[in-house]
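Quick note: numbers below take in every heavy atom, side chains included, and nothing from hydrogens, waters or symmetry partners. Below, chain A is the first sequence line, B the second, and so on; all start at residue 1.
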Amino acid sequence: MNISKKNLICLLCLPLLSTLLSGCWDDRELSELGITSGSAYDWEDNQWKATYQVINPSSGASSTGGTGGGSTSSPPFVTFTVKGKTIMEAVEKTNLTSTRQMFFSHSRITVLGESLARQGVNQLIDMFLRKQDARETVYVFIAKGEAGDILDQLMQLTKNQGAGIQLMIEQESRLVSYYPGIRMFELAMALSSESGSAILPEILLTGREVMDETQETGRTDLKTRLALGRLGVLKGEKLVGWLSQKQAFGLSFMTDKIKTATIVFPSKPESGDKPDASFVLQKSRTTVHPKWENDHYVIDIHIKGSGVLSELGSVMDLNERASITEMEQALEQQVLELVDNSWKEVRKLGADVTGFAIKIHRSDRKRFKQIRKDKNWDRVFQEIEIRPHVSMKIERTGLSNKSFKSVHEK
Amino acid sequence: MPGNPQRTNPNKSDNAEQSVPAPFPLDPSLEVNLQVLSHRIGQSSDIVVRRFTNESLSSLELAFIYIDGLVNADVVNQGVLQPLLETVQLKSEFISATDAFQMIKTQILPIGGVKEGNTLEALLPMLFDGYTLILLEGLQVGMAADTSGWEKRSINEPTSQGVIRGPKEGFTESLRTGTSMLRRRLKTPDLRIEEYKIGQRTQTGVALVYLEGIASEQVLKEIRRRLNAINTDSILESNYIEEFIQDGGLTPFPTIQNTERPDAMAGGILEGQVGIIIDGTPFALLAPSTFFNFFQSSEDYYQRYDISSFLRLIRYSAFFVSMLLPALYIAVTTFHQEMLPTTLLISLAAQREGVPLPALAEALLMELTFDVLREAGVRMPRTIGPAISIVGALVLGQAAVQAGLVSAAMVIVVSFTAISNFVIPSLAIANSIRLIRFVMMFIAATLGLFGIMSFLMVLLIHMAGLRSFGVPYLSPVAPMVPRYLKDIFIRVPLWDMTMRPKTILGEETRRQGEHQQPKPQGEDPV
Amino acid sequence: MNRKVGTTQAAMLIVNTILPTATVVLPAIISNYAEQDAPLAILLSAFFGLLIAYIVGSAVRCTNGAPFLTWVGEKSSPAIAAVLGLFMLQFYLDTSTTILREFVNFLKDNVLINTPISILCVLILLITIYMVRQGLEAIARVNSLVILLYLLFVPLYIFGLTDEMNVHQLLPMFDHSLAELTLASITPTTWMSEVAVLLFLAPYLQSPQKARIIGWTGLIFVAMLMMFSLIIALMVFGPDLIRLSAYPGFSAASIVHLGRFIEKLDILFISYWVLSIYVKFSIFLFATVECFKQTFRVGSSRPFIGTLGLLIVLECLYTWQSTEKLNLYNKEGRFLVFFLFNVLVPLGAVGLDRFTKAKTKRKGWGA
């Protein structure tokens, strides 16, 4: 009994002892960390040019709301721009200029410069999947020019710009649905899937000047703001083209990414095509059925949606079923055009961002295997014919029964 | 049972074979007896020896010996002296000492407890218990009448285990009061009270209280064995007994509960535990106790079951908070910053800006400060108590933050940890995690969450291997006995607890009838 | 003092004997071959696993709770038992080593990047030795607590990933040939064959007669949990990306989020996993010690636990230094070795039992 007791003490103490003796290997004190909230990558002179946005904790960047303006002289974040032959070399180089070790786990966004996107993104994705502290859940954006400039721009209403951009894209995909926010692992999934293509939303500066001084956020109307723009299309690993917001919207319909959206349409198509009414699409569902017809695929796209009328600029009595039906048809027409328009552009780019390859693989795996074997998916894709079927339903018309314009008709 | 040592050589006191003086059989001569007695107990001022002779008539010679302060003077005067002095027969010259002895014992003394003994060693302990010794000239046997009645603290509300609803009386230092309180609560012939005298010099009364048939024989046997094996010269508080008999001597976890509340003890006894009441302390022991017993408070059963269950869960979380929070804080802020929400991380980082100490040192500093404050609070005279709270709260808390010595978050962590520690109803287990917390902090600072998990594993396996008098310490959760879980994490309504919710029991496991959920009789009105 | 392990607890032990290493490495290995048909591969391997459990259970039933090697010695000859014991000892040492190595590798990859590997090894080993010294019953109790925690983590995993899951990632089913499925199911089958530790745990079971049931329930749970983690990883990442990831289950955990406040919970899952792998390692160390005890017929194994542990640490530190060797072994060597010791040995035991019974019967007739 005595011996076992002694051993017991030893065993209880040893972990303690060993830790006491050996010190700490992996600890990082908070004050040694440069908390990175966003990163941007460009390709310049055959080198990676990386920009990191590091949060400055003492500026009170955690508090949202309130501009702070000129009162706080220190900026909410600072940026470092470094170059390197590989990404990690660039990261290492920041340590030559920064007092703090870069810490990526709290990154929210990554912006790719167009130069890099044309060069290829595989290596970047690999780094994100491999590195232990890199988040796969960062939102990825693409910027037309220099990606690093985006990170310099200060934001109003939120001091942590990376988190702010994340809020923007999440809000966009929830309320506007032009395109979904793409996170790093979703990008990787899309590029590694059967279709081998992906989309990335564009982020841009609305003005020329970059608002990078804290004094400048003191004004109410910033000269330059951050905004979401078009949709970049990647095929393989490279950027092949852009879709306009309208085309992106059509793509959202095709890929069932619509959450809520506002559609503008002409309420009386026969009396002119001028759109004068808006409709809030609250529910939308898209099903895609590919089938082989003779020598090419025909894709049936069924889009079903319902929502509320929110704005009306023509004279109309909404108690009449006919006028509602008329508007619904106009809506359907509008969506059809969006989809067709979008498909034309997608086909022109030759990038299967619609995910048709995945659908075909799932429904018709034998033929797909053959196609894959023959390596002629691109040709098959070009020959695809889509048949969109849209049905829109106006479920409610809001709080008034007649358009206000009808007051003047009397 | 240890013997009654007369003169123990302190140098040899740890020796197993102690020098027990040879018992002194009473001498026929009263004079000799009194001499030996005074030699044995010395000339202590509180010992009263009263010779009493009937010089006129008889040869009968008596002596009373009692200890002032231990006896009730009224009882001695009216119950012993007066009858003896007034009884006529004793004054007769024809009465022999033997007859007188019998007469005194059976007729004269109006006192319940009268014992006899024929050696000094048998009589002395009674003297120290407040008996009055009566020795007669010419007899080799002495008599002891129970005249005890020393100053006692009256029954008060328990100070360390208060309740809002429930009985407000607590044990006192008197063993007899304690057993009486239990008798009053358990009016069943099955209640057994076994008494021991432990400690060669203190001769402390220790009572084993249990319910025949409900307590497990096996456990009882083990407790008796361990009590009998105690070989020490003093038992001053229940912790002496606890340390001598508890399992796994080197565990940080208590395996015996202590309580000040007779109702809590009655509850434990009714569930098959064995109570140990120790003379001289209001804290009684309950064994065997599992880990989960320490989270049950007697108030759980005096309140509605829903709120009791909620409070139980709060206590368990408080236990974990109190053990792990500082360690988790260290691990998260120095190893796993990715776990925190970004805004929280940034505000933590902003607070840490300018704090000169690493997180571990900061935490240690604050924890130690708190422990110092706590200890100071116990020692401090009542009148300057408020001063310490000002010093503690304002100077050490607020000023330290403002001076940039520690971060505000750390103050929150430490105070929450401290408060959580007081949520746990049993001080015993609350104290054990106070130490574990420090070990946790060190390990967290070197290996992060992995270290915490490793140490938790050590604690878990240690607890899984621990037993309290044969009962697995983690039962009934591991090994899992689902039907006993009714009173562990939650407390089910009383009418649903048909079985006694303990794992080790005697034969009578059922405590009440089934289907007692109150339901309205007949049809519903309306 | 030592009481025996009940049947439920034993089944839970089997779950944690197999699961911890399997959940980490498994999805990557299976989906290499079977992609979205990986769940089918698990089903297939579960079927094989149940078969193995049947054999092992029968073997335990033959020994009826007697120490396995002693029993073999009695039935055949002590020499055979000794040789078999030596081989099995080597096997269990190796297996324990690989478990330790995988444990440490995982920690190095995910959490403690700079901490020296030797420190980790020694620390883990010390804790595990302490666990083994507390006896199988204590391990079983801790194990049941660890398994209880699934009740917390499984819902967290599911709720945290509901937004990201896409059922269509599982389609098309039956895309792979049976050959590919079999190939994919080999590795999970080898994991499942670890149920053979029952041979050495049998003396500590309350009712060794129920070994078959224990093995089966354990394996069914294992298969279910494997399916669960695999299907979720598949639904989140899709069949293509999952192949790239070294630890898909945990990659999925790193995406878990509840609202915007609770995210990046992989550390939490890793911590939980740490608990379960401690249990696993201690079970195997226990089996190793038990095998040692039976081979060399020592009464008390206590003085030898440390030595065996040291051996394991040394082997772990010096033999399995490179990860690719470990992966190669996982992929190819492991199957053979496991088949030999986890299937053929119990099968041989059953055969031996039949043979001796037949012999005594014949003798009985003769007399």
Side-chain angles (χ1 to χ4, degrees), chain A residues 1-2 4-38 54-64 74 76-77 100-101 103-108 132-135 137 158-160 162-163 166, chain B residues 248-252 329-362 407 409-410 435-436 438-459 461-462 465-466:
Chain A
M1 200 59 191
N2 268 334
S4 80
K5 267 185 193 167
K6 246 180 232 160
N7 284 333
L8 200 119
I9 310 178
C10 287
L11 281 167
L12 278 173
C13 288
L14 267 171
L16 181 69
L17 208 69
S18 70
T19 47
L20 282 180
L21 283 175
S22 47
C24 334
W25 297 272
D26 282 294
D27 72 329
R28 305 163 287 199
E29 287 292 333
L30 276 183
S31 46
E32 296 161 2
L33 284 187
I35 303 162
T36 314
S37 62
V54 176
I55 289 176
N56 176 7
S58 45
S59 76
S62 60
S63 61
T64 48
S74 67
F77 55 81
R100 296 182 178 210
Q101 184 193 347
F103 177 65
F104 291 97
S105 284
H106 281 270
S107 279
R108 298 289 168 166
Q132 179 258 346
D133 72 338
R135 272 194 165 184
T137 48
T158 172
K159 287 183 170 179
N160 180 353
Q166 181 191 13
Chain B
L250 288 172
T251 169
Y329 177 80
I330 293 173
V332 167
T333 54
T334 56
F335 284 84
H336 314 290
Q337 291 94 346
E338 62 270 24
M339 272 180 83
L340 292 170
T342 312
T343 41
L344 180 59
L345 177 72
I346 295 171
S347 54
L348 283 183
Q351 288 171 20
R352 295 272 307 146
E353 211 90 333
V355 173
L357 304 169
L360 172 67
E362 198 188 345
S407 57
M410 184 53 89
L435 289 181
I436 292 174
F438 281 100
V439 183
M440 277 288 180
M441 275 155 60
F442 275 106
I443 291 185
T446 36
L447 290 168
L449 257 181
F450 166 71
I452 293 181
M453 282 297 154
S454 300
F455 192 62
L456 269 186
M457 195 73 205
V458 173
L459 287 181
I461 194 89
H462 175 71
L466 209 58

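To the nearest 0.5 Å, atom CD1 of residue B:Ile346 and atom CG of residue A:Leu30 are 11.0 Å apart.
When the candidates B:Leu360, B:Leu348, B:Leu345, B:Val355 are compared by the number of heavy-atom contacts under 4.5 Å with chain A, B:Leu345 comes out ahead. Your options are A:Ser37, A:Gly162, A:Ser105, and the one with the most heavy-atom pairs under 4.5 Å with chain B is A:Ser105.
Under the side-chain contact (heavy atoms from CB on, under 4.5 Å) criterion, A:Arg28 pairs with A:Leu33, A:Gln101, A:Phe103, B:Gln337, B:Glu338, not counting sequence neighbours. Evaluation of the side-chain contact (heavy atoms from CB on, under 4.5 Å) rule for B:Thr334 yields A:Asp27, A:Glu29, B:Ile330, B:Ala359 as partners, not counting sequence neighbours.
A pairwise comparison of heavy atoms in A:Ile35 and B:Ala349 identifies CD1-CB, 4.1 Å as the closest pair.
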